[in-house]
Amino acid sequence: MLMVRVAVENTVYHFDKDFDYAVPASLAEKAVPGCRVQVPFGTANRVCQGMILSVHEAEGNAKIKFLQAVLDEAPLLSNEMLFLIPWLKERYYCTLFDAVRLLLPAGLTYRMQSIYALAVGVTKETVQTLPPEKQAAALPLLRQSSLEKGKLLRQAGLSPDSLVLDDLCRNGILQRTMDPVRRMGDASMKMVRLHEPLPDPLKLTPRQREVFHVLQDAGCASVKEVCYFTGVTPAVIKNMTAHGVCDEYEQETYRTPYLTGECTETGEQTPIHLSPEQETAYEHLLAAYRAGEATYSLLYGVTGSGKTSVYLCLIDQVLQDGRDVILMVPEISLTPQSVHIFQQRYGKKVAVFHSGLSVGERMDEWKRVKRGEATVVVGTRSAIFAPLAHIGLIIVDEEQESTYQSESSPRYHAKEVAWFRCRYHRALLLLASATPCVETYYAAQTGKIGLETLSQRYGEAQLPEVCICDMNEELRNGNASVLSWPLLTALRENLEQKRQSILLLNRRGYNTFASCQDCGHVMTCPNCSISLTYHAANNRLMCHYCGYSVPMTAECPECHGKHLRYTGAGTQKAEEQLQELLPRARILRLDADATMSRYAYEDKLRQFADGEYDLIVGTQMVAKGLDFENVTVVGVLSADQSLYNDDFRSTERTFDLLTQVVGRAGRGRFRGRAFLQTFTPENPVFALAASQNYPAFYQQELPLRKLMLYPPFADLCVVGFVGSNEQEVRGGSMVFLQQLRQLAKTEYRQLPLRVLNPSPAHILRAGGKYRYKLLLKCRNSRLFRQMISRLLVHFAGEKKFKHVTAFADMNPDTVL
DNA sequence: AGCACGCCGACT
DNA sequence: GTCGGCGTGCTC
Ligand SMILES: [Zn+2]
Ligand SMILES: [Zn+2]
């Protein structure tokens, strides 16, 4: 009998596998791997969708059910993708169908919809004998023969999660059928504007008044934006809507400007002149690519060394061979200008993927790639799954960016997926950066992957003058403001001379660390060497990796002075101070995260470039994308929050940021100046960033990683526990730990493993749920993943903890 | 997760 | 006697 293995949509990790189905003779031709199917599943034979993973011949047995329908004419997934599915499941602890969803553009997957109709023989009279609630639910079906679940419940005036319909089905009054429906609807954003006319009298709470003013200024804005600018929660806006002060509505996200920009069919291959250094790197990489085996290299090139030219030359060659290319870039640098470089050269062969695409646009691009019309894919994280058939080269630009790993399940790492694809296609994987992540540089140093270096800045662009501002000194001189004297002076000069400046605030830090005002010593955990966090509740300093804690005192353990202070909260409100200190400056508040629509963001940047603002104040992420002729002063208001964040990567991240800032100041005609403000100027990271010396930073950081057993010398696995009852969540984490210990000392004895005690997550409560976490220093091997997988499956089956969910995340960006 | 099967209390 | 409570176990 002809059988298929199917990844079924309605599974959960703890019982997910490929399920066998028999193929009825009528579908024998159509049932091909890579096609979606409709199958009965579970005791109730609920109809759901699945994906055929493989076809085989086998004996049937009583348990086997039959495929109901094949939903695609031709397979949507290639062989490579079909291999990738179980690989994703094994590495990232997701279900097979979760993996399928990653590979298909949203909008292509169907949603199964429940359609209700009156059962045969049920009449008006039967309905009228029913109790009121049931009657209400059945009445609309006397007028319309069938209705979708949501619509029916709405018409009946019942809540969307009402169970009445199921009851009616059981009583034989209603009949339910499942229908596959295309997930429709484009990416849209919730918008809000003031209601016309406004209610009279207009009564507003202080928070509402803030929202009101923002809306008066802006006319309309996305709910997210309003929340961001005013700091209120969406509930406030909802409340105002309920009182008729404003209206909420959906708006389709703006079509991205650079996708509609015209470009020639084939593009123009203007010749590129490489410097000797670039030429060498290019030749080496080309040779590695030509060798015909999968290869993995790092292109380490200082800021402004012209990595893009090397990319373009390589891409030219790969395309000439008839093979395809993926270029991954961080969201922030996927600007119209950067995309234009590629569109100009490769014309319509370029497909662009990023998070701002509407469902329809994403689908169009996906189809163009699938049909082979686009062979160069430029995009963010999800571009790694582009359905290219003959990959020759994958480039990961700014490879240290943490956005290459997904922060929602499946928590895949795009760089790992890239390596999977390069192995499959015997292609070249090229990671590139001016500040590679320590793990990557280590792999290059130890010869695990190739290394090419570009050490010269292109043209005559010169490094800016860097001023490291000692904020302790400022305090002693009576300056308690957010701007040090040198920075303030520079900003005023710039205003005077009509030049522009950029200031970076820290993203609101979550931790309040303790430092000595006399010697600058920062309190760290003796076990983990990360900064300790001050907890007001018990007046202690705590380590959120291992739970170590000490009482907070005023005495510094280093210099025994009495001025140990905790900082963090209270250093906000920097923006207000800025406006006071520079009353005449036209300040542009900018944020690169999802709070602002892409359109608004590009628009604002253009206004800045046109000189409509004097100063950008942004969070740190903004730093990367900015490149303006007229900007000659760049300042980081406080590098300390980032530097002493309680995370083992905090030094690396801060070095990355500061290096970018310094590397970008003054790229135009005038020499730039960079100001780095800190309470601990003696920290070597500042001098290293000022001189753009990544190798020296690496030499300093690596021994610390080794000593403390952090990547690249160990992998860090976080097991998270979430639930609404704190006791249960805590208990769950303890039981999980016990079972882990048991397995680790018996069956998995050979695994290197160090377990840190379970502890409350950094933000214990989020969204009404309590969260705990367990940290494991391990080696991310197949065997280790098998152990974790078994534990997760077993935990999901524990009746005692059925309200607690556990998940695992390997080397996450932040440790909860 | 969802859903059926199954075994006990309070209703006609 | 039975309707319906939710404990238990399975998903090709
Ligand atoms: Zn001290
Ligand atoms: Zn610790």
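Here is the naming used below: chain letters follow the sequence lines, and residue numbers restart at 1 for every chain.
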Let me know the distance between [atom1] of [X] and [atom2] of [N], rounded to the nearest Å.
X        : N      : atom1 : atom2 : value
A/Asn45  : B/dG2  : CG    : C1'   : 13 Å
A/Lys802 : C/dG7  : NZ    : C1'   : 7 Å
A/His56  : C/dC12 : NE2   : P     : 15 Å
A/Asp16  : C/dC10 : CG    : P     : 18 Å
A/Arg46  : B/dA4  : CZ    : C1'   : 13 Å
A/Glu9   : B/dG2  : CD    : C1'   : 14 Å
A/Phe795 : B/dA1  : CZ    : P     : 12 Å
A/Phe41  : B/dC3  : CZ    : P     : 12 Å

message: With a 6.0 Å cut-off on the ring centroids, do A/Phe385 and A/Tyr412 count as close?
response: yes
Measure from the side chain of [X], starting at C-beta and using heavy atoms only, and say which of [options] lies closest.
X        : options               : result
A/Phe19  : B/dA1, B/dC3, C/dC12  : C/dC12
A/Lys65  : B/dG2, C/dT11, C/dC12 : C/dC12
A/Lys799 : C/dT8, B/dG2, C/dC12  : C/dT8

message: Considering every strand and a 4.0 Å limit on heavy-atom distances, what is the contact class for A/Tyr21: base, sugar-phosphate, or nothing?
response: sugar-phosphate
message: Between the base of C/dT11 and the ring of A/Phe15 - centre-to-centre under 5.5 Å, planes within under 30° - is that a stack?
response: yes
query: Quick one: is A/Lys63 getting a side-chain N or O under 4.0 Å of the C/dT11 phosphate, OP1 or OP2?
result: yes
message: Strictly below 4.0 Å: does A/Arg5 bring a side-chain N or O up to OP1 or OP2 of C/dC12?
response: no
- prompt: With under 30° as parallel and over 60° as perpendicular, where do the rings of A/Phe721 and A/Phe736 fit, or are they tilted in between?
  reply: perpendicular
message: More than 12 heavy atoms of other residues, nucleotides or ligands under 6.0 Å from NZ of A/Lys151: yes or no?
response: no
- request: Work out which heavy atom in A/Leu76 is nearest to a heavy atom in A/Arg36; give both atom names and the distance.
  value: CD1-NE, 3.2 Å
field: A/Tyr92 and A/Glu416 side chains, donor-acceptor separation under 3.5 Å
entry: yes
